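All of these numbers come straight from a predicted model, not from anything done at the bench.
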Amino acid sequence: QVQLVESGGGLVQAGGSLRLSCAASGRTFSTYAMGWFRQAPGKEREFVAGIARSSTNTYYADSVKGRFTISRDNAENTGYLQMNSLKPEDTAVYYCAAGIVLTTSAEYDVWGQGTQVTVSS
């Protein structure tokens with residue numbers, strides 16, 4: 001089973017950018033759909049973006065459309081979330097996830113440990 005490790009989080013001012021990475025171990029990453037989720041303090045985990053195994057389809061939450069871009073490099077076993085025009089409400093712990101089915105729900109099989117993103121106003 002694949003294991004996931006996120007990186008790239010940090011503190012950024014509103015309007016700034018960050019790129020999150022999700023490094024996958026094992027040689028089966030290309031067989032999984034991938035999603036990014038986030039969880040802010042006191043709130044439920046929410047879907048941010050998802051991408052199909054071969055990058056043919058992508059999905060975004062309305063709150064991040066036009067600002068965030070999900071991508072993946074199966075040869076490098078890595079997924080990415082490019083976040084532009086960040087807002088304070090984007091502050092959360094961001095998780096990447098892998099699963100057999102590309103879905104906006106949290107029904108993914110494997111999760112990373114999360115990386116903190118903090119956007120200051």
Next item on the list: Without swapping roles, check the side chain of Q39 against the backbone of V93 for a donor-acceptor pair under 3.5 Å.
Entry: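 No; judged by distance alone, with no hydrogens or angles, the pair does not exist.
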Item checked: Under 3.5 Å: donor-acceptor pair, side chain of T56, backbone of S54 ->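 Checked: no pair found.
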Note to self: Let me check something: do L4 and Y80 share a hydrophobic cluster, defined by ILVMFWY side-chain heavy atoms less than 4.5 Å apart, either directly or through other members?
What the structure shows: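 Looking at the clustering, Y80 is in a separate group from L4.
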Note to self: Tell me whether M34 shares a hydrophobic cluster with V64, the cluster being built from Ile, Leu, Val, Met, Phe, Trp, Tyr side chains joined at under 4.5 Å.
What the structure shows: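 The answer is yes; both residues are in one hydrophobic cluster.
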Next item on the list: Using a cut-off of 6.0 Å, state whether more than 12 heavy atoms not belonging to R53 lie near its atom CZ.
Entry: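 Open: at most 12 neighbouring heavy atoms sit under 6.0 Å from CZ of R53.
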Next item on the list: Check whether more than 12 heavy atoms from other residues, nucleotides or ligands sit under 6.0 Å from atom CD of Q113, and answer yes or no.
Entry: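 Count over threshold, so yes.
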Check: Among I51, T69, L102, whose side chain to side chain contact (heavy atoms under 4.5 Å, CB included) with T58 holds?
Finding: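 The passing option is I51.
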Item checked: Identified side chain to side chain contact (heavy atoms under 4.5 Å, CB included) counterpart of S17 within the set Q82, R67, M83 ->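 Filter result, single survivor: Q82.
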Notebook entry, point to check: Which distance, rounded to the nearest 0.5 Å, do you find between the OG of S25 and the CG of N77?
Noted result: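 Reported value, rounded in 0.5 Å steps: 8.0 Å.
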Item checked: Stepwise salt bridge (charged side-chain N to carboxylate O under 4.0 Å, His left out) test for D62 and K65 -> CA-CA 5 Å; D62 288 342; K65 276 181 184 176; 3.2 Å; yes
Note to self: Please report whether the ring centroid of F37 lies less than 6.0 Å from that of F47.
What the structure shows: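 Judged by ring-centre distance (under 6.0 Å), F47 and F37 do meet the cut-off.
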Notebook entry, point to check: Taking the six-membered ring for Trp, is the centroid-to-centroid distance between F68 and W36 below 6.0 Å?
Noted result: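 No.
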